[in-house]
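First listed ligand is number 1; within each ligand, the first listed atom is number 1.
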Amino acid sequence: MSNVHELNFLKEKIQELKDEGVYRKLPVLETANEPEVTLNGKKVINLSSNNYLGFANHPRLKRASIEAVEKYGVGAGAVRTIIGNMDIHEELEKVLSEFKREEAAFLFQSGFNCNAGTIQAITQKGDIIISDELNHASIIDGARLSRADKAIYKHSDMDSLEQVLKENRDKYENILIITDGVFSMDGDIAKLPEIVELAEKYEAMTYVDDAHGSGVLGESGRGTVDHFGLHGRVDFSMGTLSKAIGVIGGYVAGSKTMYEWLSHRARPILFSTALPPAAVGAITEALKMLMESTEYTDKLWDNAKYFKSKLGSLGFNTGKSETPITPVIIGDEAKTMEFSRKLLENGVYVSGIVFPTVAKGTGRVRCMVTAAHTKDQLDKAVEVFETVGKEMNLL
Ligand code: PMP
């Protein structure tokens with residue numbers, strides 16, 4: 001007789017994962033997230049992190065973090081609406097609104113719950129959310145939680161978006177168009193000027209998830225909205241503090257009205273403890289560093305262009321990336337995973353990405369270049385790509 005506490009129904013599902021060949025153990029990092037790391041006991045070049053600017057282990061951020069801990073302790077102690085809202089949270093929001101050049105910015109504990117919490121708070125039953133088919137999972141979850149209707153347009157296809165807008169304009173009072181600013185699997189940039197024009201034509205609101213654009217695109221890494229000069233024309237400009245900024249957290253920048261509403265109705269703020277002082281101190285320092293100098297963003301773009309051109313000249317297909325996200329498209333799923341495995345055996349860690357994360361037949365390894373990589377590390381990685389690529393007849 002089966003015992004419910006044995007979780008046999010889950011054991012069966014786990015076995016299915018094993019049968020499909022997609023069961024995996026989590027890789028274990030034994031050092032800080034740097035361009036060279038010790039992973040599962042092996043020293044490798046790291047081409048897989050979102051630590052775009054090398055801030056995750058930066059001495060200035062660490063110092064700021066320690067100072068915040070000394071003064072405010074290790075935990076915020078409560079949700080923001082009770083007594084978890086410290087002056088450093090408010091100061092950080094001010095710095096964020098200055099950085100994003102918006103009236104206000106509202107802070108969340110992660111990018112994921114920023115999307116889920118904001119989308120749920122600003123849309124409801126009777127509204128419609130129109131979403132790019134490649135948008136991030138946290139947007140999809142936020143849309144589900146909101147109980148609004150949903151419609152999907154083909155990836156970055158403006159005819160498809162206009163069609164969906166035409167079909168729905170008269171059926172709903174509020175329409176929210178959501179797009180990633182930079183798409184995480186291909187590194188292409190959303191056609192934001194066209195999206196904003198369509199939104200204005202059809203009187204829809206716009207929401208940009210700039211997880212991969214903040215700290216990367218625009219002046220001093222201000223993001224995709226700044227890159228296209230669209231300030232004041234995008235209603236909700238969301239970003240993460242876990243990727244280029246190197247720490248943890250998320251925010252949405254926009255109007256004061258948005259701020260007031262979220263502080264009353266965003267569920268992660270009402271029901272989940274505020275970001276810890278260590279994170280807040282480090283994030284504030286990172287934003288100040290970005291606004292002081294373009295040293296880090298310049299280095300990031302220099303490294304990304306260098307690495308991409310080297311891989312391209314070897315004959316690898318780096319797709320349509322316009323940003324430091326550099327996919328090397330292999331196609332076949334099994335071959336992609338074998339390529340990733342062999343690169344690791346040869347000292348380069350770059351994750352293989354296959355269906356269902358990307359479409360069938362478009363498997364790729366996704367290289368994430370950072371400002372912290374040296375040219376020597378990038379050259380070594382390219383050498384390994386060449387050796388393994390030739391060995392597997394990919395070149
Ligand atoms: N949006 C996008 C496009 C992302 O890539 C991610 C991170 N994978 C998130 C949101 C969530 O951000 P976080 O990791 O800060 O929760």
Could you go through the salt bridge (charged side-chain N to carboxylate O under 4.0 Å, His left out) check for Lys256 and Glu103 one step at a time?
-> CA-CA 6 Å; Lys256 285 190 176 138; Glu103 251 179 45; 5.1 Å; no
Pair [X] and [Y], ring centroids less than 6.0 Å apart:
{"X": "Phe183", "Y": "His212", "answer": "no"}
{"X": "Phe236", "Y": "Phe106", "answer": "no"}
{"X": "Phe55", "Y": "Tyr296", "answer": "yes"}

Look at Asp379 together with Lys310 and state whether they make a salt bridge at an N to O cut-off of under 4.0 Å.
-> yes
Under a strict 4.0 Å criterion on non-hydrogen atoms, which protein residues are in contact with ligand 1?
->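 Near ligand 1, by chain and number: Ser110, Gly111, Phe112, Asn115, His136, Ser138, Asp180, Asp209, Ala211, His212, Thr240, Ser242, Lys243, Gly249.
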Approximate separation, where rounding is to 0.5 Å, of Thr318 OG1 and Leu311 CG | 7.0 Å
